[in-house]
Amino acid sequence: MRELTEECFRILNKGFFEITDPGPLHQPIRSFSIRRDEKLNLILETETAPNATSAAVAQPAGSVRLTTERALLRSVGGLEGEFFGLVPYSQHRRSSGVSEQSLTELAQVHIAKTNDPSGAPVVYVIDWLENLPRSPYTWPAASHVVTKTITTRRISLNDGITITSDTDLSSTSWNSAKLTVDGITFYVCALDREDRTDAIKPGCIVYEGAPDDEFRKKVRTGLSFALGIYLVDLGTTHYDAEWKVVSTLARSAYSLRRHAFDIETLQLAPLGDRFLNELGAPQLTRAIQAFVTAFDVLDLANLHWAFWHACAATPHIAPAHFGAAIEGLQSAYTKANSGKVRKGWATQDEWKILSSLSGWAFCG
């Protein structure tokens with residue numbers, strides 16, 4: 001690991017990859033780069049010969065479909081890569097005088113992946129997040145960072161001396177929590193913007209071991225509800241025991257059209273004993289464990305979607321969204337606890353009595 005940031009872009013942009021199957025892209029491709037735009041979408045930029053051609057099938061304007069087009073890559077070091085959900089949307093031809101020099105194409109990518117087929121077993125997993133702030137929370141644990149710089153000076157190359165010096169720069173921040181849910185230990189960390197200069201409120205969850213995607217999704221959902229924030233999922237990196245990258249995944253992230261960064265932080269329940277917005281490790285653990293346990297029974301994936309869209313909705317329609325979220329939760333709870341919840345406000349026998357009484361009242 002070089003730094004605590006998404007590894008996917010560094011590997012793809014600096015890993016000497018060749019696109020072996022361009023999919024819908026124009027080819028032959030001379031070079032490419034991938035980045036995030038201001039909306040956190042993945043944007044692929046390729047440069048091709050001016051006479052490049054594409055095998056893409058033209059889609060009628062206004063078509064609604066699942067995008068399954070992909071491009072495959074391979075590096076000189078044997079790494080594999082993939083751009084999935086590939087949608088080219090812009091072509092620009094550059095010319096010098098009367099001759100065309102190149103064709104620049106832009107495409108939106110849903111998921112970008114890299115994988116090392118010869119990599120060691122996965123021992124650690126990091127989920128990269130946006131909108132995980134340090135403030136206003138009082139975090140239960142600190143992170144200590146030491147940056148070491150070594151300077152070597154050689155005087156008189158052939159028969160001289162070498163002078164070496166090193167400088168340590170350290171910093172400590174209260175920005176993390178160590179939690180254990182379903183026997184799996186992980187660390188929630190709100191990062192400094194210096195760690196990711198293009199980020200807004202960067203964060204990550206570091207797992208010991210290799211829990212599957214479904215479990216990590218449940219943890220992110222539970223953490224989102226517990227903290228009272230919409231967590232933006234950027235992707236994942238898998239590491240071996242020596243923190244060498246085994247595989248990466250970056251996705252075009254959904255941030256409620258960036259409204260996620262403007263929603264006021266509001267915890268569903270206190271998670272500390274002393275201060276407002278205090279995060280106690282035991283309380284936070286219990287909260288996330290409860291959400292993880294109830295995830296499937298109460299259909300929390302859909303509730304999470306409905307609730308945060310209600311929070312981001314405009315005032316005139318927000319009540320309808322909150323009402324739908326409440327009804328969805330009630331329906332899931334009633335279905336899971338049919339013996340505990342009474343259906344309707346009167347039993348059949350009670351309704352017969354009430355019907356006869358109301359009929360008698362009207363007749364009388």
When you group the ILVMFWY residues by side-chain heavy-atom contacts below 4.5 Å and let the links chain together, are [Y] and [X] in the same group?
X: Leu73; Y: Val87; result: no
X: Phe84; Y: Tyr254; result: no
X: Leu268; Y: Phe275; result: no
X: Leu249; Y: Phe17; result: no
X: Leu42; Y: Ile111; result: no

Heavy atoms only: give me the nearest [X]-[Y] pair and the separation to one decimal.
X: Arg134; Y: Ala190; result: CG-CB, 3.5 Å
X: Ile29; Y: Pro22; result: CD1-CB, 4.3 Å
X: Ile263; Y: Cys311; result: CD1-CB, 4.0 Å
X: Leu179; Y: Val188; result: CD1-CG2, 4.0 Å
X: Cys204; Y: Leu132; result: N-CD2, 4.0 Å
X: Ile353; Y: Ser356; result: O-OG, 2.7 Å

Is the number of heavy atoms from other residues, nucleotides or ligands within 6.0 Å of [atom1] ([X]) greater than 12?
X: Arg153; atom1: CZ; answer: no
X: Tyr89; atom1: OH; answer: yes
X: Lys218; atom1: NZ; answer: yes
X: Glu264; atom1: CD; answer: no

Taking atom types as modelled, find out whether [X] and [Y] have a side-chain donor-acceptor pair closer than 3.5 angstrom.
X: Tyr137; Y: Glu278; result: no
X: Asp273; Y: Gln283; result: yes
X: Asp127; Y: Thr236; result: yes
X: Thr248; Y: Thr237; result: no
X: Arg154; Y: Thr162; result: yes
X: Gln289; Y: Thr285; result: no
X: Ser143; Y: Ser173; result: no

Under the 3.5 angstrom rule, does the side chain of [X] hit a backbone N or O of [Y] as a donor-acceptor pair?
X: Asn13; Y: Ile34; result: yes
X: Thr334; Y: Ser331; result: no
X: Asp116; Y: Ser118; result: yes
X: Ser338; Y: Lys335; result: no
X: Asp240; Y: Trp243; result: yes
X: Thr48; Y: Ala52; result: no

Quickly, which of His26, His92, Gln27 forms a side chain to side chain donor-acceptor pair (under 3.5 Å) with Glu105? Name it, please.
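With Glu105 as partner, side chain to side chain donor-acceptor pair (under 3.5 Å) holds for just one option, His26.
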Worked verdict on Ser247 versus His238 for side-chain hydrogen bond (donor to acceptor under 3.5 Å, both in side chains)
CA-CA 5 Å; Ser247 65; His238 293 80; 3.2 Å; yes
Reported [atom1]-to-[atom2] distance for the pair [X] and [Y], which is rounded to 0.5 angstrom:
X: Ile184; Y: Arg216; atom1: CD1; atom2: CZ; value: 10.0 Å
X: Leu66; Y: Glu69; atom1: CG; atom2: CD; value: 10.5 Å
X: Ile163; Y: Thr152; atom1: CD1; atom2: OG1; value: 10.5 Å
X: Ser102; Y: Arg93; atom1: OG; atom2: CZ; value: 9.5 Å
X: Ile19; Y: Phe32; atom1: CD1; atom2: CZ; value: 5.0 Å
X: Ile200; Y: Asn131; atom1: CD1; atom2: CG; value: 8.0 Å

Centroid separation Tyr207 to Phe186 less than 6.0 Å
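Between Phe186 and Tyr207, which both carry aromatic rings, the centre distance is below 6.0 Å.
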Could you walk me through whether Tyr230 and His304 pass the ring-ring contact (aromatic ring centres under 6.0 Å, His included) check?
CA-CA 9 Å; Tyr230 179 86; His304 181 265; 5.7 Å; yes
Stepwise salt bridge (charged side-chain N to carboxylate O under 4.0 Å, His left out) check, Arg258 with Glu38
CA-CA 9 Å; Arg258 293 183 67 88; Glu38 67 280 359; over 6 Å; no
Which is it for Arg74 and Glu18 under the salt bridge (charged side-chain N to carboxylate O under 4.0 Å, His left out) test, yes or no, and what are the steps along the way?
CA-CA 5 Å; Arg74 191 169 184 85; Glu18 176 189 7; over 6 Å; no
Evaluation steps, side-chain hydrogen bond (donor to acceptor under 3.5 Å, both in side chains), between Trp308 and Ser224:
CA-CA 10 Å; Trp308 289 112; Ser224 175; 3.2 Å; yes
Find out whether [X] and [Y] are in side-chain contact, i.e. whether some heavy atom of one side chain is under 4.5 Å from a heavy atom of the other.
X: Lys178; Y: Leu284; answer: no
X: Ile205; Y: Leu129; answer: yes
X: Val123; Y: Val246; answer: no
X: Ser170; Y: His144; answer: yes

Checking side-chain contact (heavy atoms from CB on, under 4.5 Å) for the pair Val109/Ile43: CA distance, chi angles, key distance, verdict?
CA-CA 6 Å; Val109 180; Ile43 304 299; over 6 Å; no
Verdict with supporting geometry, Trp174 and Thr138, side-chain contact (heavy atoms from CB on, under 4.5 Å)
CA-CA 8 Å; Trp174 288 87; Thr138 303; over 6 Å; no
Criterion side-chain contact (heavy atoms from CB on, under 4.5 Å) on Asp299 and Tyr333, from CA distance to verdict
CA-CA 9 Å; Asp299 193 17; Tyr333 183 84; over 6 Å; no
Measure up the Phe307 and Phe322 rings against each other and bin them: parallel (under 30°), tilted (30 to 60°), perpendicular (over 60°).
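Judged by the thresholds at 30° and 60°, the geometry between Phe307 and Phe322 is perpendicular.
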Go through the steps to decide whether Arg10 and Glu7 satisfy the test salt bridge (charged side-chain N to carboxylate O under 4.0 Å, His left out), and finish with yes or no.
CA-CA 5 Å; Arg10 176 185 64 81; Glu7 302 274 7; 2.8 Å; yes
Check this for me, if you would: do Arg35 and Glu45 make a salt bridge, where the nitrogen-to-carboxylate-oxygen distance has to be below 4.0 angstrom?
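A salt bridge is present here (some side-chain N lies under 4.0 Å from a carboxylate O).
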Step-by-step salt bridge (charged side-chain N to carboxylate O under 4.0 Å, His left out) determination, Arg36 to Glu6
CA-CA 11 Å; Arg36 287 194 188 277; Glu6 287 185 273; 3.0 Å; yes
